Enquirer: 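I have a structure here, written as structure tokens, and I will follow up with some questions on it.
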Amino acid sequence: MPETEVSRSDRVNIDESVMQTYKLLTESTSIEESPFGTYKDVFMFAASMGYAGGVRKKLPSGKKHTIRREVFSENDFLVLKTIAIAETGDVQVLLRLDEILTIAEEYAHAGIHALKARLLDQHGRPLWNLVEMVSS
Amino acid sequence: MKIERIQMENFRQYFGRQRMTFSRDRARNVTVIHGINGAGKSSLFLAINWCLYGEVSSNVGELISKEAVSRASDGEEIRASVELVFTHNSERYLVLRRLKGVKQEDGAIESGDEDFTMMRTRRDGQAERIANPIGVMNSILSSNVRTYFLFDGEKIDNFAKPEASDEVRYAIYNVLKLEVMTRARNHLQDIAAEYRRELKRVSTGELRQFVESEERAIAEKEKAHTRKEELEREIESARRKITDIDRRLREMPNASALQQRRDRLERDLEQREDEMTALISNIRTLATSGFTVIAQGAVERALAILDEKRERGEIPSSIRQQFVQDLIERLQCICGRRFDANGAEHEKLLALMNSSLPGSLEDDVMDTAAALRPFAERAGRLRDELNQRMQRRAELLDIMKSLEEEIDEVRDQLKGSPQEEISRLEEQRENFRADIESYRLEQGNCDTRIDLMSAELEELKKQIQVAKKEKKTERELTRKASLAQRAADAIGEVYETFADDMRRRIEAKTKEIFKLLVWKDSHFQDVRLGSDYNLEVIDRYGLPARPELSAGERQVLSLSFITAMSRVSEEEAPLVMDTPFGRLSSQHRNNITEHLPELADQLVLFVTDEELRDKARKNLEPRIGAEYRLTFDRKTSCTTIEEV
Amino acid sequence: MLKDRVIELFNGYEEDVQKVISEVLAIEQEYISMKMPRGVKEEIKEAIDRAVKK
């Protein structure tokens with residue numbers, strides 16, 4: 001059985017070391033520069049990209065930014081559950097909220113770098129890079 | 001301090017356990033211990049010293065009883081101990097010092113650890129152990145003053161020798177708290193200096209610097225805000241002027257048509273721009289929900305897992321557990337056919353129930369699977385919609401571009417108008433538009449500056465907080481340094497006066513006692529203790545008489561000084577004297593024995609028979625509260641204590 | 001007692017000075033038998049700390 005942390009809060013953690021990317025993608029007043037409305041939206045992309053890229057990375061210890069569980073919509077959560085089932089191959093994982101969140105965090109921690117590479121490190125404005133990524 | 005009793009065990013020639021009680025009676029405050037030379041007086045005197053302070057001079061040899069050693073077998077542990085009970089400031093103390101040794105094969109003793117215990121006995125008789133015995137002993141009768149109270153007669157003339165001023169000063173220093181004051185002053189001064197050094201290290205003046213930077217940043221941010229608003233007003237005014245020009249152009253026959261065309265074009269462009277803004281926002285909403293597209297791989301894999309489970313019958317598709325359970329309860333199929341409680345149908349349904357997942361998980365699995373199924377289709381739809389929107393965007397961009405080109409054309413025509421007023425107005429209009437553009441650019445710069453200053457302010461706020469904390473330490477250190485320094489100064493200020501006062505008191509007391517003890521007092525006029533700490537006896541001619549003092553007189557002077565010190569120190573302390581009179585004439589002895597008991601709270605005298613006989617003995621008699629004789633047995637080399 | 005007489009010498013000084021001195025003298029007395037008393041400064045600093053915090 002995959003390793004799960006015994007007890008953790010149901011808040012979602014983002015390591016401080018990658019917060020700069022979260023900020024760049026949300027904070028500018030121009031939608032084309034910062035296409036995302038919230039950190040949660042960035043997180044969903046990061047987690048999905050992490051899984052798609054097949055890289056999962058444990059969060060280092062240290063300062064964290066947290067997102068409350070309620071911020072995630074039904075649909076967001078559905079995707080996080082899906083990633084957990086796909087990762088573990090076990091539907092029982094649905095009973096383990098802890099593990100679902102940990103898997104998501106670890107994929108997001110890896111995926112955020114891929115997201116940054118695709119949106120920020122390219123020629124072109126981030127929104128159009130995002131559109132390009134989603135529609136191709 | 002008044003000694004109540006001593007108990008020795010295997011201490012030097014005191015073999016076994018031996019005990020002696022000292023007189024503490026006010027009227028009969030003298031305890032006399034008789035013994036010929038070698039009987040064990042010095043060992044008993046040593047026992048008191050060793051018990052209280054642990055130090056013994058190196059030439060005393062083994063502390064553990066030789067008799068006890070000889071009786072022990074090889075490898076056996078032998079213990080020597082001395083226990084003292086004394087009272088001090090109405091508290092009762094018990095002090096025990098113990099030394100362990102192991103007998104070696106060659107009969108020698110290998111000494112082991114020494115331990116020291118001090119207990120305070122409470123009124124109810126319970127004893128409590130004192131955690132810091134050395135400190136407590138020091139505040140009762142510290143080891144550096146003990147020689148003035150536990151007094152070895154052989155050293156009696158030490159203070160009256162011509163070269164003794166150091167000894168005198170040292171004695172006064174220690175007994176009369178001058179040493180304590182000097183140390184306190186030095187330590188306080190050191191500590192004050194330490195605080196000041198630390199203060200220098202801590203106070204870098206950073207806080208002020210940060211606060212100044214903060215003020216500057218706030219001012220600059222404010223300036224940028226003001227400028228931005230100013231620019232907004234400029235833009236507004238330029239716009240009004242453009243509107244004004246447009247109105248005038250509209251009224252001019254030769255420009256009217258062109259201006260109206262421009263009005264239409266600009267309205268159109270504005271609408272397109274609005275549409276573009278809405279479109280971009282729409283695209284953004286679609287694009288940011290596109291993680292479901294990225295997660296499509298996970299969705300497919302998860303669905304495969306869910307389907308596999310269902311195919312194996314672990315998840316009854318569309319048949320809820322509750323439904324199956326209802327069938328079992330009613331014993332009736334949905335087609336209406338009844339079945340037996342033990343029949344094949346019943347078995348099948350039960351197996352289905354048992355192999356399926358727990359209720360809540362089953363629901364979750366079903367819901368998840370159901371929700372995931374449309375994902376692929378939705379992803380496709382999302383892509384389509386995005387493509388559509390992007391196409392529209394491209395169209396809009398084209399439209400806007402051609403509108404702008406048309407507007408430029410109108411502008412060129414107006415500018416090229418042969419009617420000078422029209423071309424001038426158009427030129428002005430052009431200038432205002434250029435102004436607005438540069439104002440906008442400057443506004444953007446203002447925004448950048450505001451953002452920059454906001455970030456800097458946030459950083460400064462943190463630094464100021466840290467510096468403020470340091471400032472607090474700084475204030476505290478300043479206060480501590482000041483307090484330590486003031487205390488050190490205060491001690492310095494009173495020290496000289498106090499030392500002089502003490503010296504004078506000792507001088508007076510020594511003189512008083514010396515007169516009392518010396519038989520030919522008429523011969524001496526005065527005793528002087530100068531600021532150089534020389535103890536002088538002045539003869540009737542007003543001259544220092546010390547060179548002419550007999551050995552006996554010198555000893556009496558010494559004794560007077562010692563006694564004076566114990567009086568002036570106002571400590572309740574015993575005077576324990578080991579063979580004090582041996583070198584005195586009988587005349588001096590008689591005087592001393594007459595007066596000494598009044599001069600001490602408790603007097604313990606170790607004497608030979610020769611020292612104390614005839615008149616001297618008679619003088620002391622009414623003050624004796626306890627009397628012992630030490631007898632040394634040559635055959636066993638042991639001393640026994642007998643009460644007389 | 002001589003100890004009290006010494007304390008009285010400082011009657012004219014500020015209260016915090018008096019308090020610190022009386023504590024420091026007691027501390028020094030406890031360590032008086034040692035030539036190089038270790039720990040005495042720490043105890044004095046604690047006394048000063050207490051006086052300043054009050």
Side-chain angles (χ1 to χ4, degrees), chain B residues 53-55 89 132 134-146 173-188 190-192 194-195 475-491 493-495 497-498 501-502 505 567-572, chain C:
Chain B
Y53 304 106
E55 310 146 23
N89 289 344
N132 166 27
I134 294 173
V136 171
M137 203 53 234
N138 274 333
S139 44
I140 293 172
L141 189 68
S142 67
S143 73
N144 57 337
V145 304
R146 70 161 196 261
Y173 244 66
N174 284 294
V175 179
L176 301 176
K177 310 279 182 204
L178 295 177
E179 173 70 6
V180 168
M181 283 173 82
T182 308
R183 282 191 188 188
R185 176 168 175 243
N186 291 343
H187 284 151
L188 281 165
D190 287 355
I191 287 167
E194 254 175 66
Y195 284 143
R475 262 204 312 275
E476 229 174 71
L477 274 173
T478 313
R479 289 227 296 279
K480 283 185 194 172
S482 146
L483 181 54
Q485 190 59 55
R486 279 182 293 140
D489 291 347
I491 295 174
E493 282 158 25
V494 304
Y495 180 85
T497 330
F498 178 68
D501 183 37
M502 282 299 124
R505 271 169 202 266
R567 293 288 88 186
V568 173
S569 80
E570 297 169 21
E571 299 283 0
E572 180 194 69
Chain C
M1 289 259 293
L2 185 62
K3 199 166 71 191
D4 304 322
R5 201 192 296 271
V6 172
I7 300 297
E8 272 168 35
L9 291 173
F10 301 99
N11 275 350
Y13 289 88
E14 298 102 313
E15 222 168 278
D16 55 348
V17 170
Q18 282 186 47
K19 196 174 169 306
V20 162
I21 288 179
S22 98
E23 279 192 46
V24 171
L25 290 176
I27 293 166
E28 293 289 0
Q29 181 66 48
E30 278 191 28
Y31 283 91
I32 196 69
S33 68
M34 298 168 215
K35 274 223 162 64
M36 305 276 279
R38 227 190 284 167
V40 69
K41 280 194 185 173
E42 277 58 42
E43 277 195 46
I44 294 176
K45 281 181 183 171
E46 278 167 30
I48 292 172
D49 219 39
R50 279 195 301 275
V52 162
K53 292 239 164 82
K54 231 172 90 182

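Order of the sequence lines sets the chain letters (A, B, ...), proteins ahead of strands, with each chain counted from 1. What you are looking at is a predicted structure, and each value in this text was computed from that prediction instead of being measured.
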Enquirer: Under a 4.5 Å heavy-atom cut-off, does chain C meet the side chain of B:Asn89, its backbone, both or neither?
Expert: side chain

Enquirer: Given heavy-atom pairs under 4.5 angstrom as the criterion, report whether the side chain, backbone, both or neither of B:Ile491 touches chain C.
Expert: both

Enquirer: May I ask you to decide if B:Asn138's main-chain N or O and C:Glu30's side chain share a donor-acceptor pair within less than 3.5 Å?
Expert: no

Enquirer: What's the separation between atom CG in B:Leu188 and atom NZ in C:Lys45, rounded to the nearest 0.5 Å?
Expert: 11.5 Å

Enquirer: I need the minimum non-hydrogen distance between B:Met181 and C:Phe10, along with the two atoms involved.
Expert: CE-CZ, 4.2 Å

Enquirer: Is B:Val145 in contact with chain C via its backbone, its side chain, both, or neither, using a 4.5 Å heavy-atom distance?
Expert: neither

Enquirer: Grab the two heavy atoms, one from C:Pro37 and one from B:His187, that are nearest each other, plus how far apart they are.
Expert: CG-CE1, 4.2 Å

Enquirer: Give, as side chain, backbone, both or neither, the part of B:Arg475 having an atom under 4.5 angstrom from any heavy atom of chain C.
Expert: neither

Enquirer: Could you please spell out the steps behind the side chain to side chain contact (heavy atoms under 4.5 Å, CB included) verdict for C:Asp16 and B:Arg486?
Expert: CA-CA 10 Å; C:Asp16 55 348; B:Arg486 279 182 293 140; 3.0 Å; yes

Enquirer: With side chain to side chain contact (heavy atoms under 4.5 Å, CB included) as the criterion, how do B:Glu476 and C:Lys53 come out once you've worked through the C-alpha distance, each side chain's angles and the decisive distance to 0.1 Å?
Expert: CA-CA 8 Å; B:Glu476 229 174 71; C:Lys53 292 239 164 82; 3.7 Å; yes

Enquirer: Can you tell me how far the CD1 atom of C:Ile32 sits from the CG atom of B:Asn174, to the nearest 0.5 Å?
Expert: 6.0 Å

Enquirer: Please confirm whether the backbone N or O of C:Val52 pairs with a side-chain atom of B:Arg479, one donor and one acceptor, at under 3.5 Å?
Expert: yes

Enquirer: If you take all heavy atoms of C:Val17 and B:Ala490, which pair is closest and at what distance?
Expert: CG1-CB, 4.0 Å

Enquirer: Step through the shown structure and confirm whether more than 12 heavy atoms of other residues, nucleotides or ligands are within 6.0 Å of CD1 on B:Ile134.
Expert: no

Enquirer: Where does B:Ile140 contact chain C at under 4.5 Å (heavy atoms): side chain, backbone, both or neither?
Expert: neither

Enquirer: Select, from C:Ile48, C:Val24, C:Asp49, the one with the greatest count of heavy-atom pairs under 4.5 Å involving chain B.
Expert: C:Ile48

Enquirer: For B:Lys177 and C:Arg5, what are the C-alpha separation, side-chain angles and deciding distance, and is it a side chain to side chain contact (heavy atoms under 4.5 Å, CB included)?
Expert: CA-CA 11 Å; B:Lys177 310 279 182 204; C:Arg5 201 192 296 271; over 6 Å; no

Enquirer: Could you tell me which portion of B:Tyr195 (side chain, backbone, both or neither) has an atom closer than 4.5 angstrom to a non-hydrogen atom of chain C?
Expert: side chain

Enquirer: Starting at OH of C:Tyr31, measure out to CZ of B:Arg183 and round the result to the nearest 0.5 Å.
Expert: 11.5 Å

Enquirer: Between B:Ala487, B:Ser142, B:Ala488, which has the largest tally of heavy atom pairs under 4.5 Å with chain C?
Expert: B:Ala487

Enquirer: Please identify, among B:Ser482, B:Gly135, B:Ser143, the residue contributing the most non-hydrogen atom pairs under 4.5 Å to chain C.
Expert: B:Gly135

Enquirer: At a 4.5 Å cut-off on heavy atoms, which part of C:Glu14 comes close to chain B: side chain, backbone, both, or neither?
Expert: side chain

